[in-house]
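Quick notes on the structure that follows.
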Amino acid sequence: KVVILLAWGQTRWKTPGLTNKYDAQGDLIEIANYGIYNQLKENDKGIVITRFKYNQARNKIEESYYGIDNKLKEDRTMGIAKWCWKYDNKENLIETMTYDSKEQLKADVTGVAINRFKYDENNNEIECGLFDEENKPVEAFNINGQGAALIRYEYNAQGKSIKTIYFDKLGNVVNSE
């Protein structure tokens, strides 16, 4: 805690840190970072406020970062101002997308702007693909020193993962486990 001495000698305690807000369902909708004088303050990523949105199933569908001016701001670590998530009718995550402060699709520091996922009839993830802002495959997975843009998973009848195959951006197999 920080002690604040007021001009007339009174002492007031203030704990700098985060203030969280929740919606009626108990989902976190905002994190605000405050300094010792109850002023909004940037965190180590350069962000003052983080806001979240959810769908009716309470899956997170958006995470946005804001600066001291309450405008979208790209964080210092990933270079992204907003993340969005999409789900299928079984609540499986099928796509993530990243955006800049102008709400334009933007690749993060790994070169990825879009992640896409596919599932089988048992809701097992069978594919994960990485794409840039132009929807072109990106080799961001590092598999034994080789880039991979797509991963496919195979399962046995009991739903246990039995094989993982990695592909480069041209569709060539770079590794299989």
Side-chain angles (χ1 to χ4, degrees), residues 1-4 12-119 123 125-143 147-151 153 166 169:
K1 291 191 177 193
V2 175
V3 177
I4 300 172
R12 179 177 59 168
W13 293 89
K14 173 67 182 164
T15 303
L18 303 176
T19 300
N20 297 338
K21 290 184 184 176
Y22 298 86
D23 64 15
Q25 291 76 34
D27 294 318
L28 179 64
I29 58 171
E30 184 177 281
I31 300 171
N33 190 48
Y34 286 91
I36 61 172
Y37 298 108
N38 207 26
Q39 299 287 326
L40 287 169
K41 175 186 169 191
E42 285 187 355
N43 64 17
D44 59 341
K45 296 179 182 179
I47 303 304
V48 175
I49 297 172
T50 303
R51 293 191 178 113
F52 307 91
K53 292 182 182 177
Y54 303 86
N55 64 13
Q56 287 189 336
R58 297 177 68 185
N59 294 312
K60 185 166 51 170
I61 58 170
E62 187 176 299
E63 181 173 324
S64 303
Y65 308 126
Y66 296 86
I68 198 81
D69 58 0
N70 204 29
K71 292 182 181 178
L72 276 174
K73 182 177 182 181
E74 295 167 17
D75 76 346
R76 290 184 186 136
T77 55
M78 296 296 284
I80 297 302
K82 181 164 77 171
W83 297 75
C84 293
W85 293 267
K86 289 184 182 178
Y87 301 85
D88 65 16
N89 59 0
K90 294 181 179 179
E91 301 307 322
N92 292 311
L93 177 64
I94 58 170
E95 190 171 68
T96 65
M97 296 165 290
T98 53
Y99 296 89
D100 65 15
S101 59
K102 296 176 184 170
E103 298 195 60
Q104 300 296 310
L105 200 59
K106 180 186 180 195
D108 63 20
V109 295
T110 68
V112 177
I114 304 166
N115 290 281
R116 287 201 185 97
F117 308 91
K118 292 182 182 177
Y119 301 85
N123 293 323
E125 183 181 334
I126 58 171
E127 189 173 283
C128 175
L130 307 176
F131 304 89
D132 66 13
E133 302 97 331
E134 296 174 4
N135 206 28
K136 294 179 182 171
V138 175
E139 294 176 355
F141 293 120
N142 184 355
I143 311 303
L150 181 74
I151 301 176
Y153 306 97
Y166 302 89
K169 63 183 177 182

Residues Phe52, Ile61; criterion side chain to side chain contact (heavy atoms under 4.5 Å, CB included); working and verdict | CA-CA 8 Å; Phe52 307 91; Ile61 58 170; over 6 Å; no
Determine, stepwise, if the pair Leu72 / Tyr66 fulfils side chain to side chain contact (heavy atoms under 4.5 Å, CB included).
-> CA-CA 4 Å; Leu72 276 174; Tyr66 296 86; 3.9 Å; yes
May I have the step-by-step check of side chain to side chain contact (heavy atoms under 4.5 Å, CB included) for Ile80 and Asp100, ending in yes or no?
-> CA-CA 5 Å; Ile80 297 302; Asp100 65 15; over 6 Å; no
Side chain to side chain contact (heavy atoms under 4.5 Å, CB included) between Ile94 and Arg116, intermediate numbers included | CA-CA 6 Å; Ile94 58 170; Arg116 287 201 185 97; over 6 Å; no
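Between Ala107 and Glu133, the shortest heavy-atom contact is N-OE2, 2.9 Å. Here the closest non-hydrogen pair linking Leu130 and Ala140 is CD1-CB, 3.6 Å. Across every non-hydrogen atom of Asp132 and Ile114, the tightest pair is O-CD1, 3.9 Å. Of all the heavy atoms in Asp108 and Thr98, the pair that sits closest is N-OG1, 4.1 Å. When every heavy atom of Thr110 is checked against every heavy atom of Val138, the shortest pair comes out as O-CG1, 4.2 Å.
Taking the six-membered ring for Trp and thresholds of 30 and 60 degrees, Trp85 and Trp83 have nearly parallel ring planes, at less than 30 degrees apart.
Interatomic distance, CD of Glu91 versus CG of Asn123, reported as 10.0 Å (0.5 Å rounding). Once rounded to the nearest 0.5 Å, the distance linking CZ of Phe131 with NZ of Lys136 reads 13.0 Å. Annotation: the span from Lys118 atom NZ to Asn92 atom CG amounts to 14.0 Å, rounded to 0.5 Å. The structure places CD1 of Ile31 at 4.5 Å from CG of Leu28, a figure rounded to the nearest 0.5 Å.
The main-chain N or O of Ala81 is never found under 3.5 Å from a side-chain atom of Ser101 such that the two would form a donor-acceptor pair. Under the 3.5 Å distance criterion, the side-chain polar atoms of Asn33 are left unmatched by any main-chain donor or acceptor of Leu18. The backbone N or O of Lys169 lies less than 3.5 Å from a partner atom in the side chain of Glu139, making a donor-acceptor pair. Without hydrogens or angle criteria, Arg58 side chain to Gln25 main chain gives a donor-acceptor distance under 3.5 Å. For Lys53 (side chain) and Cys84 (main-chain N/O), no donor-acceptor pair under 3.5 Å exists by modelled atom type. Under the 3.5 Å distance criterion, the side-chain polar atoms of Tyr54 are left unmatched by any main-chain donor or acceptor of Glu62.
For the pair Thr50 and Glu30, the minimum side-chain heavy-atom distance is 4.5 Å or more. Taking 4.5 Å as the limit, some side-chain heavy atom of Glu74 sits within range of a side-chain heavy atom of Lys106. Side-chain contact between Leu150 and Tyr166: absent, with no pair of heavy atoms (C-beta onward) separated by less than 4.5 Å. Between Gln39 and Lys41 the shortest side-chain heavy-atom distance does not fall below 4.5 Å.
A side chain to side chain contact (heavy atoms under 4.5 Å, CB included) with Asn70 holds for exactly one of Leu40, Val48, Ile49; it is Ile49.
A salt bridge links Arg76 with Glu42: the distance from a Lys NZ or Arg NE/NH1/NH2 to an Asp or Glu carboxylate oxygen falls below 4.0 Å. A salt bridge is defined here as a Lys NZ or Arg NE, NH1 or NH2 lying under 4.0 Å from an Asp or Glu carboxylate O, and Glu103 with Lys82 meets this definition.
A cation-pi geometry, defined here as NZ or CZ lying under 6.0 Å from the six-membered ring centre and within 45° of its normal, does not hold between Lys73 and Tyr65.
Enclosure of atom NZ in Lys60 by more than 12 non-hydrogen atoms of other residues, nucleotides or ligands within 6.0 angstrom is indicated.
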